Visitor: 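Pasting in a structure now, in structure tokens, and then I'll have a few things to ask.
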Amino acid sequence: MRIQGLQKLTLLDFPEKTACTVFTAGCNFRCPFCHNASLVVHISKEAEISEDDFFAFLNKRQGILDGVCVSGGEPLLQPDIENFIRRIKELGYAVKLDTNGSFPDKLMHLVESGLVDYVAMDIKNSPETYAMTCGVDALDMASIEKSVSYLKEGHVPYEFRTTVVKNYHFKENFELIGQWLQSTEKYFLQNFVDSGDLIGKRVTGCSEEEMKEYLQVVQRYIPEAKLRGI
Ligand code: SF4
């Protein structure tokens, strides 16, 4: 496992759990608004955290933390992700997986093996603008759609979420996203915030009014949709 970051405590990222977040290095997408460029395009060997150190930390936090968020980068890109999560589960932690949804078969396998307790999948944009939004020319949109369909079947608790960026998201995109995801239970719109560690340049977030307007559009199809972080 290529581990490049560890947030030792989060009360926000894993619903109803006190958790930590482990960040894996590498991603097959190049979203210009990615706020973890150092995990995607500027991966530094020096920042690596060994598995031994990570599991030593988890051993010490047993009984204090309930869960581990496995984030990235794209965690499903890691060849040994299954064993890694299995070791976390063996210590008694619940596991939340953050994914861009481009590896549906791996996602299904982990869920069906009982290794994942919650999935958060990014919805980058409406289908016809997806490739542009995630910075990949040859995007396999069928994989994204397969992950969406699988999660909507309810095999595991999940959420969809979209980071809203002024440069890429417009009212019509949310109309199409609403139609695509309709009948899903949890969908969050979160405004882009510049972390100072971006892949692209001149990327900006939206105003609160714009966020509320987009939420209204989406709520026609997904009444439970919410804004996050506003
Ligand atoms: S925001 Fe995009 S580029 Fe960054 S980790 Fe997520 S999927 Fe990869």
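Atoms within a ligand are numbered from 1 in the order they appear, just like the ligands themselves. Nothing here was measured: the structure is a model prediction, and the numbers come from that model. Heavy-atom basis, side chains included; hydrogens, waters and symmetry copies ignored.
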Visitor: Just which atoms of ligand 1 are under 4.0 Å from any heavy atom in N100?
Guide: 7 (S)
Visitor: Can a donor-acceptor pair be found, under 3.5 Å and without considering hydrogens, that links the side chain of E175 to the backbone of V217?
Guide: no
Visitor: So for atom CD, which belongs to E224, do other residues, nucleotides or ligands contribute more than 12 heavy atoms lying within a distance under 6.0 Å?
Guide: no
Visitor: Do me a favour and list the nearest non-hydrogen protein atom to atom 4 (Fe) of ligand 1 with residue, atom name and distance?
Guide: C34 SG, 2.3 Å
Visitor: Of the protein's non-hydrogen atoms, which lies at the shortest distance from atom 6 (Fe) of ligand 1, and what is that distance?
Guide: K124 NZ, 3.8 Å
Visitor: Measure from atom 2 (Fe) of ligand 1 to each N, O or S atom of C31 and report whether any distance is below 2.8 Å.
Guide: yes
Visitor: Distance under 4.0 Å to a non-hydrogen atom of G73: what atoms of ligand 1 satisfy this?
Guide: 5 (S)
Visitor: Does T133 offer a backbone N or O that forms a donor-acceptor pair with the side chain of N125 under 3.5 Å?
Guide: no
Visitor: Check whether D13 reaches the backbone of T10 with its side chain - one donor and one acceptor, N or O, closer than 3.5 Å.
Guide: no
Visitor: Heavy atom under 4.0 Å from ligand 1: found in H35's side chain, backbone, both, or neither?
Guide: neither
Visitor: For atom 8 (Fe) of ligand 1, what's the nearest protein heavy atom and its distance?
Guide: C27 SG, 2.3 Å
Visitor: Count the heavy atoms belonging to other residues, nucleotides or ligands that lie under 6.0 Å from CD of E172, then report whether that count exceeds 12.
Guide: yes
Visitor: Using heavy atoms and a 4.0 Å limit, tell me yes or no: is C134 in contact with ligand 1?
Guide: no
Visitor: Taking the side chain as every heavy atom from C-beta outward, state whether V111 and Y150 have any atom pair closer than 4.5 Å.
Guide: yes
